[in-house]
Amino acid sequence: MTDSVYQMIARAQAEYARCIDDDRLEDWPDHFHGSCVYKITTAANHREGLEGAIIFANSKGMLRDRVSALRDANIYERQSYRHILGQPSILHESGGEVRSETSFLVARIVQDGDTDIFATGRYLDLYKIEQGKVRLNERIVVCDSSRIDTLMALPL
Amino acid sequence: MLHETHEARPVETLTRVPYWVFQTAETYRQEQERIFQGPSWHYLALEVELPGPGDFRTTRIGDTPVVVTRDNDGEIYAFENRCAHRGALICLDSHGKGKKDFSCVYHAWTYDRQGNLRGIAFKDGVKGKGGMPDSFRMEDHGPRKLRIAILHGLIFGSFSEEVPPIEEYLGDEISSRIERVLGGRKPVVLGRVTQVLPNNWKLYMENVKDSYHASILHLFFTTFELNRLSQKGAIIVDESGGHHVSYSAIDTSAQKDVEYAKQQLRSESQYKLADPSLLQGFDEYHDGVTLQILSVFPTFVLQQIQNAIAVRQIVPRAIDKTDLNWTYLGFADDTPEQRLTRLKQNNLVGPAGYISMEDGCVGGFVQRGIAGASEQEAILEMGGSGAQSSESRVTEASVRGFWKAYRSQMGM
């Protein structure tokens, strides 16, 4: 059972990363349940228990709005990410709910130019498995550094 | 393109800014001396960040590292974060609580919370040999101390003895607009983040003071009528030119915006939110003002965008690199619902802000655009040539004000 949960989480993580890296942002909110929390914060804020975030959403609608703002409203240079994910650590599992932690490294490629390490950190996740589908109830993205280069357009 | 120096020539009008001021090492050096160590007040921290004796934070005024502390007498002190001995940082941590004293790790020269040198390791030598000469007096040595001013919980510091008291420095209009946001309230830090801008610090300050761009570059702002130039609002520029307030209020009687349609700006697109709760704020100030951006020369910004409150500290790191330190605020008496509203509305600002992410890149667009054009000049003629308060926000008056204050301090 644990093996299969592990595999399900690992597959979900890989699909999540591909979705962003392949610029299929419109599909990104579907990795979450309707009622969800998605938050990007810094390790320093997280450590101090500060609730303020760089991005905060508590509904799937807010995730969709983030995507439409990026597509239709916000101005930024064309860019893409490459997510490199560590193996998920399954921290807790009960009744179809799985808590996991996964490290990430995200490189950013602006226009067709330099590739830079944009962010490293960890995903603190709460997955809910329903009818064989694995979706996020909560993803707290904790960036290791408090410094963000230029701007953060695409989600992590 | 960055240059060592440029032969300065006098520019007689505030409507032109030569691009070399964003490019030369000489200008950067002079700014450190004349502005950052000169007669200006610089935001250091919030009083609530240092609630008890020995609480401290480290920060910078321009290039200069600074320690801000509270001592047993309840007063705030700040001193240069530089050991009097050989110049190492005295304090390595970004913040901490209840620190008794500050000891340099290099040779354990130790300072009290006010920055006075109190101890030197092996001062009297070992077994009567070595040690400091008798003529060395600890009270004659120490990091430079700053003057401190506190205004509505904001701690400002200055290296200058000449800088006027903060109220006089700001003037009544600017002070009262700070009071409007923070007066009599206990702020709570909700979070911090640093946005690293790929441009000269002055390009960010110009951007903050530029009410003309807000509704053009930031589509999100305009579409949801958080800010339109045709909204009720105004610009306040203080006498020195260096401080400003731009504010706007929802005008319930506003007509359909023909001016925007005429300009065919991007901001007329049909963009709707799936979850409009983001913009459903609460009436916090009871004056209808939904946006107030306030700047204090040279590098401080206080922001109210609906219920998203933040202070921003601007720290130059190199000619073409600037740290923008965001501190998101709530208040101690927020209800849980109000706190959630602030967390949601913080999506508007910061490095990923719907209405501020463009400000993170546009300075870099200028910095890159002007490479090779040191002799050329920016044009600042929107709304005339003066730097006065204005009922119209279709003006660059407060940007010209920045350059008025800048020239005055730089002796240009």
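Throughout, a chain's letter reflects where its sequence line sits, starting with A, and its residues are numbered from 1.
For a residue to count as touching a neighbouring chain, one of its non-hydrogen atoms must lie under 4.5 Å from one of that chain's; by this rule B:N199 does not touch chain A. Heavy atoms closer than 4.5 Å to chain A are found nowhere in B:R342, neither backbone nor side chain. For a residue to count as touching a neighbouring chain, one of its non-hydrogen atoms must lie under 4.5 Å from one of that chain's; by this rule A:T150 touches chain B with backbone and side chain alike. Of the atoms belonging to A:A153, heavy atoms from both backbone and side chain fall under 4.5 Å from chain B. The contact between B:V189 and chain A is made by backbone and side chain atoms together, counting heavy-atom distances below 4.5 Å. For B:L278, the part sitting under 4.5 Å from any heavy atom of chain A is the side chain, from C-beta outward, and nothing else.
Within 6.0 Å of atom CZ in A:R18, 12 or fewer heavy atoms from other residues, nucleotides or ligands are found, so the atom counts as exposed in its surroundings. Enclosure of atom CD1 in A:I117 is not indicated, since only 12 or fewer non-hydrogen atoms of other residues, nucleotides or ligands lie within 6.0 angstrom. Other residues, nucleotides and ligands contribute more than 12 heavy atoms inside 6.0 Å of the CG atom of A:D22.
In terms of non-hydrogen atom pairs under 4.5 Å with chain A, the most contact-rich of B:D323, B:N346, B:L197 is B:D323. Heavy-atom pairs under 4.5 Å with chain A were tallied for B:P198, B:S94, B:A274; the largest tally goes to B:A274. For the set B:A352, B:G350, B:P276, B:G191, the entry with the most heavy-atom pairs within less than 4.5 Å of chain A is B:A352.
Note on B:R368 versus A:E77: salt bridge recorded, some NZ/NE/NH1/NH2 to OD/OE distance being below 4.0 Å. Ion pairing of A:K60 with B:D275 is absent here, as no side-chain N (NZ or NE/NH1/NH2) approaches a carboxylate O to less than 4.0 Å.
The line from CG of A:D149 to SG of B:C361 is 11.0 Å long, rounded to the nearest 0.5 Å. A:I148 CD1 to B:T194 OG1: the interatomic distance, rounded to the nearest 0.5 Å, is 9.0 Å. To the nearest 0.5 Å, atoms CE (B:M357) and CG (A:L70) are separated by 5.5 Å. Going from atom CG of B:L343 over to atom CD of A:E51 covers 5.0 Å, rounded to the nearest 0.5 Å. Between the CD atom of B:E358 and the CG atom of A:N74 there is a distance of 4.5 Å, given to the nearest 0.5 Å. Here the straight-line distance linking atom OG of B:S277 with atom CG of A:N58 works out to 6.0 Å at 0.5 Å rounding.
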Evaluation steps, side-chain contact (heavy atoms from CB on, under 4.5 Å), between B:Y354 and A:D65: CA-CA 10 Å; B:Y354 286 132; A:D65 289 335; 4.2 Å; yes
Full working for side-chain contact (heavy atoms from CB on, under 4.5 Å) between A:F56 and B:L340: CA-CA 10 Å; A:F56 172 83; B:L340 181 63; 3.9 Å; yes
CA sep, side-chain torsions, deciding dist, call: B:K344, A:M62, side-chain contact (heavy atoms from CB on, under 4.5 Å): CA-CA 9 Å; B:K344 286 188 186 185; A:M62 286 182 78; 4.2 Å; yes
